[in-house]
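Quick note on labels: first sequence line is chain A, next is B, and so on, each numbered from 1. For clarity, every value in this text was computed on a predicted model and none was experimentally measured.
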Number of protein chains: 2
Amino acid sequence: MAVQILIVDDHSVVRQGLRMFLSLDPDLQVIGEASNGDEGVQLARKLRPHVVLMDLLMPVMDGVTATAAIRRELPEVEVIALTSVLEDASVFGAIRAGAIGYLLKDTEAEDLCRAIKSAAAGQVQLSPQAAALLTREVRIPESPEKLTQREIEVLGLLAHGLANKEIARELGIGEKTVKTHVSNILSKLGVLSRTQAALYAIQSGLVAVPAA
Amino acid sequence: MAVQILIVDDHSVVRQGLRMFLSLDPDLQVIGEASNGDEGVQLARKLRPHVVLMDLLMPVMDGVTATAAIRRELPEVEVIALTSVLEDASVFGAIRAGAIGYLLKDTEAEDLCRAIKSAAAGQVQLSPQAAALLTREVRIPESPEKLTQREIEVLGLLAHGLANKEIARELGIGEKTVKTHVSNILSKLGVLSRTQAALYAIQSGLVAVPAA
DNA sequence: GTTTCCCTCAGTCTTTTGGTCGAGATGTTT
DNA sequence: AAACATCTCGACCAAAAGACTGAGGGAAAC
């Protein structure tokens, strides 16, 4: 029996392209499409596909959240994260959410088909780049590399939207020092910008998210 | 009877300074100190001060959250936000959370005493700068100035930590265009940086905060 | 048709951000 | 004493971010 696939992506172009790719393989069958995470979860519930191809960046509900929802509710459905951006946070988020694979959208049709079949069989399938990211971190397994007390303070202020200069004033130190701290924070958290660091701080509960 | 005051600030220096200032006025009496928001809420519950002087930027629990908690539970306790940074989000956050006043830390001792007495009497007391910010916004009362569809898309990606270049790639448009959108978003939201915009997006529920 | 709004993009400019390297001061551990 | 971590700050540099102005095209409303 063919592997039944659900495509979740907000770009109809991508969905069509995937349909084309996958239709070339008689062992694969696209049984549904969704244009956002919420829709994806509902369709997965209804169609019970073997594999979900999940874009990570989508409006309404992002792919990581949707992946987590699907895996929690339908553990027999495997999810492959299929995204255009190779970003640390996304990779780890997707894997943590229960994705069995993480592939970039520039993957060759052949490789993609092979990955889907592997996923249906429960085998992990990562793109080389994603695998590299993972191993790099796995070598430092349990460590988001602890931040120092001062760094946590800086991160807290940063996550309130303060600029380096304002953080410096608040802490009574030089702006240069703040920049050093911020650099170290980004490096330790494995993120690329202060905005990502702020998001990390919120996710990890370091700063409270005031109710809207 | 003297006005009973609870000081909540993470800097012991500030707490000491305030004690000094306030002890000069026989009508004022500091009955407690807390070094973070959580502690502040607990002490307010126990001591039932007339007025709480609340710093907004603190570890563990920030002042806005603490203010909201106190006002919800103990409506008879007035809270004055006392902070070193004059920042739009903080001002509105504090006022929304139920603070009766918003003063900068460079306020003169005299003015501070007067403000505390006014607050104890239930009268609103704002620093001139904060008042200016408020009136500027109040003139555009109910309008966070709605974002366009495209701007919401950009904000969504931005709130996932993407850089302008990545957003451009994701949306299939030029980086310059993204910068235009971001500029307009910042302007409409009344914030000063993309990080603040990302925080706004999370607070307003535009993007989901994945469980840690 | 005209106006208005939105999306698109260009150019120019300043400010901010972030990386890298080095270095002094302090305090702690071994 | 020596090694180590932390905090502080400096200089230099490249990249990103953001403000500002202007402008063309398309779509919808008047």
Asker: Quick one: list whatever passes salt bridge (Lys or Arg N to Asp or Glu O under 4.0 Å) with Glu39(B), sequence neighbours left out.
Answerer: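 Salt bridge (Lys or Arg N to Asp or Glu O under 4.0 Å) list for Glu39(B), sorted by chain: empty.
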Asker: Ile173(B) CD1 to dC9(C) P: how many Å, rounded?
Answerer: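 Between P of dC9(C) and CD1 of Ile173(B): 6 Å.
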Asker: Under the rule for side-chain hydrogen bond (donor to acceptor under 3.5 Å, both in side chains), what residues qualify as partners of Gln42(B), not counting sequence neighbours?
Answerer: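 side-chain hydrogen bond (donor to acceptor under 3.5 Å, both in side chains) check on Gln42(B) returns Asp38(B).
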Asker: Side chains of Ile116(A) and Leu22(A), heavy atoms from C-beta outward: is any pair under 4.5 Å?
Answerer: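 When only atoms from C-beta onward are counted, Leu22(A) and Ile116(A) do touch, with a gap below 4.5 Å.
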Asker: Please identify each residue that fulfils side chain to side chain contact (heavy atoms under 4.5 Å, CB included) with Leu43(B), with sequence neighbours left out.
Answerer: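 Testing Leu43(B) for side chain to side chain contact (heavy atoms under 4.5 Å, CB included), a comparison that skips the adjacent residues, returns Leu6(B), Ala34(B), Leu47(B).
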Asker: With sequence neighbours left out, write down each residue that passes side chain to side chain contact (heavy atoms under 4.5 Å, CB included) with Ala68(A), or none if nothing qualifies.
Answerer: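 Result, side chain to side chain contact (heavy atoms under 4.5 Å, CB included) vs Ala68(A): Ala97(A).
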Asker: Which residues satisfy the side-chain hydrogen bond (donor to acceptor under 3.5 Å, both in side chains) test with Glu33(B), sequence neighbours excluded?
Answerer: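 Partners of Glu33(B) under the side-chain hydrogen bond (donor to acceptor under 3.5 Å, both in side chains) test: Arg15(B), Arg19(B).
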Asker: Reading DNA chain C 5' to 3', what string of ( ), [ ], | and . shows its pairs, if Watson-Crick and G-U wobble pairs count only when both distances fall under 3.5 Å?
Answerer: ||||||||||||||||||||||||||||||
Asker: Could you list the donor-acceptor pairs under 3.5 angstrom formed by side chains in residues 175-186 of chain B, with sequence neighbours left out?
Answerer:
| residue | atom | partner | partner atom | Å |
| --- | --- | --- | --- | --- |
| Thr180(B) | OG1 | Lys176(B) | O | 3.1 |
| Asn184(B) | ND2 | Thr180(B) | O | 3.3 |

Asker: Base, sugar-phosphate, or nothing: which does Thr177(A) touch, judged by heavy atoms less than 4.0 Å apart?
Answerer: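 Contact class for Thr177(A): base.
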Asker: Taking all heavy atoms of His160(A) and all of Leu199(B), pick out the closest pair and write down the distance.
Answerer: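 Result for this residue pair: C-CD1, 3.6 Å.
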Asker: Take atom CD of Glu151(A) and atom C1' of dC7(D), then tell me their distance rounded to the nearest Å.
Answerer: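 It is 10 Å, rounded to the nearest whole Å.
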Asker: I'd like a list of close polar pairs between nucleotides 24-29 of chain C and the protein, N/O only, cut-off under 3.5 Å.
Answerer:
none

Asker: Return the value, rounded to whole Å, for the distance between atom NZ of Lys176(A) and atom P of dC9(D).
Answerer: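 Nearest whole value for this atom pair: 10 Å.
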Asker: Please check this pair: side chain of Arg194(A) against backbone of Thr195(B), looking for a donor-acceptor N/O pair closer than 3.5 Å.
Answerer: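 Looks like no, no N/O pair under 3.5 Å.
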Asker: Ile185(B) has an atom CD1; how far is it from atom C1' of dT8(C), in whole Å?
Answerer: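 Result: 15 Å.
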Asker: Show the distances under 3.5 angstrom between N or O atoms of the protein and N or O atoms of nucleotides 17-21 of chain D.
Answerer:
| residue | atom | partner | partner atom | Å |
| --- | --- | --- | --- | --- |
| dA17(D) | OP2 | Asn164(B) | N | 3.3 |
| dA17(D) | OP2 | Asn164(B) | ND2 | 3.2 |
| dA17(D) | N7 | Lys179(B) | NZ | 3.3 |
| dG18(D) | OP1 | Arg194(B) | N | 2.7 |
| dG18(D) | OP2 | Arg194(B) | NE | 3.1 |
| dG18(D) | N7 | Lys179(B) | NZ | 3.0 |
| dG18(D) | O6 | Lys179(B) | NZ | 2.9 |
| dA19(D) | OP2 | Ser183(B) | OG | 2.8 |

Asker: Can you measure Gln196(B) atom CD to dT16(C) atom P for me and round it to whole angstrom units?
Answerer: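 Rounded to the whole Å, the gap is 13 Å.
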Asker: Is there a side-chain polar atom (N or O) of His181(A) under 4.0 Å from OP1 or OP2 of dT6(D)?
Answerer: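 Looking at the OP1 and OP2 atoms of dT6(D), neither is under 4.0 Å from any side-chain N or O of His181(A).
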Asker: Would you mind classifying the nucleic acid contact of Gln149(A) as base, sugar-phosphate or nothing, using non-hydrogen atoms under 4.0 angstrom?
Answerer: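 Sugar-phosphate only.
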Asker: Sorted by first residue and then second, give each salt bridge (Lys or Arg N to Asp or Glu O under 4.0 Å) pair with at least one member in residues 147-160 of chain A; sequence neighbours left out.
Answerer: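 Output for this query lists Arg150(A)-Glu153(A), Glu151(A)-Lys188(A).
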Asker: By side chain to side chain contact (heavy atoms under 4.5 Å, CB included), which residues pair with Ala69(B), not counting sequence neighbours?
Answerer: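 Scan of Ala69(B) (side chain to side chain contact (heavy atoms under 4.5 Å, CB included), adjacent residues dropped) gives Val41(B), Arg72(B).
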